[in-house]
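First listed ligand is number 1; within each ligand, the first listed atom is number 1.
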Amino acid sequence: MKTLIEFINEEQAHNPNATGEFSRLLNDITIAAKIVNREINKAGLGDIMGYEGKQNVQGEDQKKLDVFANDMFIEALKHGGQCCAIASEEDEGLITFNNKLSNNGKYVVAMDPLDGSSNIEVNVSIGTIFSIFKRISEPGKPGTVDDLLQAGNQLVAAGYIIYGSSTMLVYSTGHGVNGFTLDPSVGLFLMSHPKMKIPEGGNIYSINEANYIYFPDGVKEYLRYCQEDDPKTNRPYTTRYIGSLVADFHRNLIRGGIYLYPGTRKNPDGKLRLLYENVPVAFLAEQAGGKASDGFRRILDIQPNEIHQRTPFFVGSKHMVEKAEYFMRYYSKEFEPKK
Ligand code: P6P
């Protein structure tokens with residue numbers, strides 16, 4: 001079994017310009033992931049469950065583990081010195097460190113430190129999601145918001161850690177998707193899922209149907225299509241919805257399927273955040289042969305204008321996303337973002 005460190009070093013060796021800084025940044029992320037994993041695995045035992053008593057910038061009640069995870073990833077990135085700025089779901093503004101080491105960091109990170117945290121007390125898989133960009137601002141000073149407001153097609157790398165029946169790191173640097181499973185007995189991530197590819201022929205759709213009455217007609221018609229009988233196209237499909245983006249996407253990545261969080265008349269931009277949920281997952285989906293859009297535009301081509309910006313999200317098996325996009329164009333043109 002190849003360790004993550006061995007794999008990172010091999011990837012670095014393929015890149016003649018590599019200085020090792022990116023490898024160290026990735027390693028910093030995995031150190032924080034192991035610490036967060038340890039706390040999650042004993043969450044029921046310590047005083048780490050429950051609410052922090054504060055709300056994050058999204059107006060969501062912060063759970064103690066949300067804050068703990070956020071602190072751990074920020075601390076690991078600060079200590080490592082490769083990262084000059086962070087955008088986090090848990091913090092309204094940009095996080096910078098203004099010390100000599102970090103001010104010369106080449107990279108910036110956007111992250112959702114603990115996605116799906118409402119599932120913690122019911123023992124359902126949750127995850128950390130991250131995007132890594134190269135800074136565009138001058139080194140020597142703290143990173144800026146513009147360093148983060150880059151389209152996903154500028155990503156250096158993206159990935160997630162899923163804290164589930166096992167803990168896995170799934171990431172890509174643009175050369176395919178690889179999955180590593182944590183062996184807690186030795187504290188190492190070992191390559192368990194090399195060259196991950198999302199099956200073309202998925203038949204699982206993931207959506208919160210409680211919002212059905214507010215869905216665009218295009219989504220309602222796509223769901224009708226999924227539920228109609230047609231042995232030629234392996235329908236009716238089945239539905240699975242965990243309520244953790246990382247868990248729903250990870251299942252679809254392995255089995256094939258589509259995850260949808262559409263906009264509605266009440267919330268045309270939907271719920272999920274572009275920079276640290278949709279972009280990193282879209283990057284992985286495309287690297288694995290899948291597709292990701294907001295129903296009309298490729299997610300990775302969307303130019304963000306605010307670090308907590310939301311967009312509708314359709315991601316998964318290519319042909320399933322394309323079918324959903326067909327229904328959106330045919331029935332819900334009014335939802336198409338203005339050029
Ligand atoms: P709803 C978790 O809060 C999250 O951001 C994603 O992980 C998840 O897929 C989605 O929101 C769940 O949202 O509205 O269905 O509870």
Colleague: Under 3.5 Å between any N/O of L245 and any N/O of ligand 1: does that happen in this structure?
Modeller: yes
Colleague: Please state which protein non-hydrogen atom is closest to atom 7 (O) of ligand 1 and give its distance, to 0.1 Å?
Modeller: D115 OD2, 2.6 Å
Colleague: Check the angle between the aromatic planes of F180 and F7 and answer parallel, tilted or perpendicular using the 30° and 60° thresholds.
Modeller: tilted
Colleague: Relative to the heavy atoms of Y261, which atoms of ligand 1 are at a distance of less than 4.0 Å?
Modeller: 1 (P), 13 (O), 14 (O), 15 (O)
Colleague: Do me a favour and list the nearest non-hydrogen protein atom to atom 8 (C) of ligand 1 with residue, atom name and distance?
Modeller: G243 O, 3.4 Å
Colleague: Considering only the protein, which heavy-atom contact is closest to atom 12 (C) of ligand 1, and what is its distance?
Modeller: Y241 OH, 3.3 Å
Colleague: A cation-pi test, strictly: NZ or CZ of K220 under 6.0 Å from the centre of the six-membered ring of Y212 and no more than 45 degrees from its axis. Yes or no?
Modeller: yes
Colleague: Main chain of F313, side chain of D294: is a donor-acceptor contact present, judged purely on distance under 3.5 Å?
Modeller: no
Colleague: Does Y261 reach the side chain of N211, with side-chain heavy atoms less than 4.5 Å apart?
Modeller: yes
Colleague: When hydrophobic residues are tied together by side-chain contacts of less than 4.5 Å, even through go-betweens, does F314 share a cluster with I299?
Modeller: no
Colleague: For a side-chain contact (heavy atoms from CB on, under 4.5 Å) with Y171, tell me which candidate from L4, I29, T30, V177 qualifies.
Modeller: L4
Colleague: In terms of atom number and element, which parts of ligand 1 are under 4.0 angstrom from non-hydrogen atoms of S244?
Modeller: 7 (O), 9 (O)
Colleague: For ligand 1, which atoms, with element, lie under 4.0 Å from some heavy atom of N208?
Modeller: 1 (P), 14 (O), 15 (O)
Colleague: Got a sec, which hydrophobics cluster with L101, joining ILVMFWY side chains under 4.5 Å apart, including via others?
Modeller: none
Colleague: Quick one: closest heavy-atom pair of D147 and V108, and the distance?
Modeller: O-CG2, 3.4 Å
Colleague: Consider ligand 1: state whether an atom of it lies below 4.0 angstrom from any non-hydrogen atom of D248.
Modeller: no
Colleague: Can you tell me which residue and heavy atom of the protein come closest to atom 9 (O) of ligand 1, and the distance to 0.1 Å?
Modeller: Y259 OH, 2.7 Å
Colleague: Would you check if F249 and I162 make a side-chain contact, meaning some heavy-atom pair closer than 4.5 Å?
Modeller: no
Colleague: Please work out which of E277, E89, E209 has its closest non-hydrogen atom nearest to atom 5 (O) of ligand 1.
Modeller: E277
Colleague: Please classify the L272 to ligand 1 contact at 4.0 Å (heavy-atom distances, strictly less than): side chain, backbone, both or neither.
Modeller: side chain
Colleague: Looking only at protein heavy atoms, which one is nearest to atom 11 (O) of ligand 1, and what is the separation?
Modeller: K271 NZ, 3.0 Å
Colleague: Could you tell me, atom by atom, which parts of ligand 1 come under 4.0 Å of a heavy atom of R273?
Modeller: 5 (O)
